[in-house]
2 protein chains.
Amino acid sequence: MATIVEVAKRARASTGTVSNVIRGAVRVSPGLRARVEAAIRDLDFHPNEIARSLKVNQTYMLGMVLPDITNPFFPQVLRGAEDKALERGFLLVAANTDEQMERERRIVSALRSRRVDGILLVPTRGKDVDHIRRARESGIPIVCLDRVPAGMKIDAVMLDNVRGAQECVRHLIRTGYRSIAIITGPLELGVARERLRGYEAGLREAGIEVSKELILEGDFRENSGYRLAKELLLRLARPSAILVSNGVMALGVLQAFEELGVRCPEDVAIANFDDIAGDRSFHPQLTVVSQPGYEIGARGATLLMDRIEGKATKKPSVVRMAPTLIVRESTRARVSPGRTSLVRNPGSVSEKGHPQFLRKE
Amino acid sequence: MATIVEVAKRARASTGTVSNVIRGAVRVSPGLRARVEAAIRDLDFHPNEIARSLKVNQTYMLGMVLPDITNPFFPQVLRGAEDKALERGFLLVAANTDEQMERERRIVSALRSRRVDGILLVPTRGKDVDHIRRARESGIPIVCLDRVPAGMKIDAVMLDNVRGAQECVRHLIRTGYRSIAIITGPLELGVARERLRGYEAGLREAGIEVSKELILEGDFRENSGYRLAKELLLRLARPSAILVSNGVMALGVLQAFEELGVRCPEDVAIANFDDIAGDRSFHPQLTVVSQPGYEIGARGATLLMDRIEGKATKKPSVVRMAPTLIVRESTRARVSPGRTSLVRNPGSVSEKGHPQFLRKE
DNA sequence: AAACACTATTGAATCGCTTCAAAGTCATCG
DNA sequence: CGATGACTTTGAAGCGATTCAATAGTGTTT
């Protein structure tokens with residue numbers, strides 16, 4: 001692949017001039033500029049960004065570290081980040097941690113070696129955050145997405161989880177449900193605790209007392225949803241609704257419903273975080289607290305690049321994104337068992353549902 | 001961030017020795033090695049991979065260019081590629097083209113500038129493949145995934161589309177369907193043509209003649225599925241089954257069914273490419289030709305890295321991956337309208353379906 | 001024509017590694 | 001004891017850009 005020296009030679013110019021033409025910062029006379037541009041075209045010259053990076057100490061690459069791109073929430077985050085990055089000339093190095101600390105450590109280390117200009121990180125659970133601390137000390141800006149590492153003051157863009165859960169509970173109560181259970185995520189995770197907090201707040205504001213019995217701790221994986229839902233459904237006193245703290249567990253919950261022949265929402269209602277199947281063919285259509293994945297990624301990338309370019313305030317900023325409650329049939333009102341209209345929530349959280357088509361039964 | 005010179009100074013060694021310790025290629029006496037390692041630890045030294053890349057002319061980065069990571073097929077491909085890449089010390093630079101040629105060109109150019117060692121490419125449709133040709137001429141290995149650019153001899157890993165469609169049609173016929181329509185992808189795309197070819201072969205081998213009326217050309221997007229399905233369903237002579245050439249269009253097809261009150265599979269059966277919702281809550285559960293996304297990514301990455309390391313045969317190799325036919329309820333046999341068991345296909349293509357739970361109706 | 005003020009262009013030094021010829025060490029042997 | 005040979009270790013050159021002090025070129029003014 002051609003180098004700047006070859007281009008310079010062919011254009012009868014110096015390497016400095018070629019560089020000036022490429023970067024466009026310094027004025028170059030039209031004639032020379034034309035010669036250089038011709039040479040670049042003729043040689044299909046692509047400036048060696050590696051050499052440039054070494055010299056200017058900037059790579060225009062961002063690391064994107066996430067648990068598993070296969071989880072449908074993260075592609076959106078990635079897209080949001082990438083679109084913003086591309087606009088400003090950055091490329092994304094993406095890597096999956098599989099929620100394994102060791103893998104996260106290796107990846108962060110590799111990214112540091114490769115001198116990415118900054119890292120977008122969805123931290124793995126665990127209190128071992130030393131590699132993150134060290135990376136920051138070395139001067140790499142890091143913006144956390146969706147979660148924050150245990151006990152760390154750091155830039156982050158995340159969902160307003162408390163609000164999401166609270167609005168959801170509020171909707172359930174208004175729709176007529178009172179005995180509402182929650183399947184939480186692992187409570188060592190901030191997200192999980194926040195959602196629980198919102199759930200409790202939602203109950204309290206309606207004057208319903210929070211019962212330990214109705215709080216079951218899951219681990220954000222399908223199987224725990226399945227297991228805990230089964231436990232709930234087999235009780236003598238079944239709750240009338242279940243709030244599930246993420247989408248994957250909701251799948252497990254649905255399976256439990258099927259196996260036990262429990263109908264949703266006729267017997268027990270379901271609402272969950274994450275819009276796991278935002279199309280009309282999912283059955284039953286789930287009422288969900290949806291996260292604006294794209295925006296989270298976009299905001300995160302923007303914040304990160306601002307930091308890189310030094311044009312952001314000094315202290316860590318935590319951005320809380322508004323959740324969207326999407327009301328669908330899994331929390332239909334029980335009062336009139338016939339065809340029902342959506343219960344509209346006039347609160348600040350917007351609601352939108354796909355049009356409800358007639359279902360043949 | 002510390003450099004190798006600082007490490008050398010602190011360890012009272014030369015830069016050459018430090019390099020030897022890091023790379024482990026040359027023997028270093030235990031004492032010195034220990035000093036160097038201590039210095040590395042103390043300084044939290046991460047060798048500047050950029051400088052190394054410049055010198056050794058290798059970056060250990062692979063480009064991964066795909067249309068849209070938001071399409072649930074691609075995250076799997078990415079994972080497959082990443083896992084293999086990480087094993088061999090490579091990182092992935094991921095970028096989405098949104099099926100826009102211009103964006104693909106920009107991305108490929110950016111990747112070349114950044115001197116990635118190779119590119120995994122899901123090419124955008126279109127006959128303008130000059131940037132790909134030039135990239136290859138410049139010496140960058142490229143492996144195409146899922147598709148191949150128009151009229152190009154190039155390494156590729158893709159689905160055996162003909163076989164997938166053929167096996168699917170065979171299954172439909174065996175289950176009792178005869179009047180089978182197909183909604184194809186854009187026929188300028190090889191994938192789309194191959195699936196059509198398989199469909200035709202499947203009909204012919206059963207002695208059913210191929211009718212132009214039953215072949216509708218879509219564009220792989222949801223709306224075309226919707227539109228074409230509607231057209232089919234409103235005909236006087238409805239087909240009894242529809243083969244949909246990808247998952248996104250299938251969503252549109254389902255919407256048409258709902259709107260027109262057509263039941264699946266009672267009125268018309270559906271089968272499609274891509275396992276868009278591989279869980280039990282999708283309604284109706286779709287019979288699909290599933291692509292091994294993870295394996296496609298993994299094989300692609302392996303092939304690419306073999307090329308990079310020069311340990312692959314010279315001529316372009318096209319790997320065809322076997323599709324998996326997953327039989328679910330959208331193609332249930334119509335013979336006995338009551339509860340039916342799955343029709344098992346003893347052919348070479350494996351079938352697996354999720355257990356069928358009782359559906360309350 | 002000389003002096004001056006610009007602007008345009010040049011080219012050597014530099015970024016942080018790797019590499020390899022050359023120099024240094026050390027035990028062994030004649 | 002000096003020579004030999006087998007390892008170790010050193011340090012300068014070079015990868016391909018950018019940058020900036022120095023130089024060349026151009027036009028204006030006196």
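Only heavy atoms go into these numbers, but all of them, side chains included; no hydrogens, no water, no symmetry mates.
Between the side chain of A:Asp98 and the main chain of A:Gln100, no donor-acceptor pair closer than 3.5 Å is present. Between the side chain of B:Ser53 and the backbone N or O of B:Glu49, at least one donor-acceptor pair lies under 3.5 Å. No side-chain donor-acceptor contact under 3.5 Å links A:Asp306 to the backbone of A:Lys311. At distances below 3.5 Å, not a single donor-acceptor pair connects side-chain atoms of A:Ser19 with backbone N or O atoms of A:Thr15. Between the side chain of A:Arg115 and the main chain of A:Arg112, a donor-acceptor pair closer than 3.5 Å is present. Side-chain atoms of A:Asp155 come within 3.5 Å of backbone atoms of A:Ser317 as a donor-acceptor pair (strictly under, hydrogens ignored).
A:Leu304 places none of its side-chain heavy atoms less than 4.5 Å from the side chain of A:Thr302. By the 4.5 Å heavy-atom criterion applied to side chains, B:Asp146 and B:Phe73 are counted as neighbours. In this structure the side chain of B:Ile132 reaches within 4.5 angstrom of the side chain of B:Met152, judged on heavy atoms. Residues A:Arg10 and A:Arg35 form no side-chain contact, since every pair of their non-hydrogen atoms from C-beta on lies 4.5 Å or further apart.
Across all non-hydrogen atoms, the minimal contact from B:Asp117 to B:Thr59 is OD1-N, 3.0 Å. Between A:Val318 and A:Ile154, the shortest heavy-atom distance links the atoms CG2-O, 3.9 Å.
Taking a 4.0 Å limit (strictly below) on heavy-atom distances, residues 42-51 of chain B reaches DNA chain C at B:Phe45, B:Asn48, B:Ala51. In the region residues 25-38 of chain B, proximity to DNA chain D at under 4.0 angstrom, judged on heavy atoms, holds for B:Arg27, B:Val28, B:Ser29, B:Leu32.
Nucleotides of DNA chain C with any atom under 4.0 Å from a heavy atom of chain A span, from 5' to 3', C:dA8 to C:dG16.
Both B:Ala13 and B:Arg115 lie near DNA chain D, and the one whose nearest nucleotide falls closer to the 5' end is B:Ala13.
For A:Arg221, the CZ atom is loosely surrounded, since the number of other residues' heavy atoms within 6.0 Å does not exceed 12. Heavy-atom neighbours of B:Arg105 CZ from other residues, nucleotides or ligands within 6.0 Å: above the threshold of 12.
Atom CZ in B:Arg12 sits about 11 Å away from atom P in D:dT10, given to the nearest Å. Regarding B:Asn57, its CG atom lies at a distance of 12 Å from the C1' atom of D:dG14, rounded to whole Å.
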Tabulate atom names and distances for all N/O pairs under 3.5 angstrom spanning the protein and nucleotides 19-23 of chain D.
none

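Two end axes, each from the C1' atoms of five base pairs, can be drawn for the helix from C:dA1-D:dT30 to C:dG30-D:dC1; they diverge by 70°, to 10 degrees.
Residues passing the side chain to side chain contact (heavy atoms under 4.5 Å, CB included) test with B:Val26, sequence neighbours excluded: B:Asn20.
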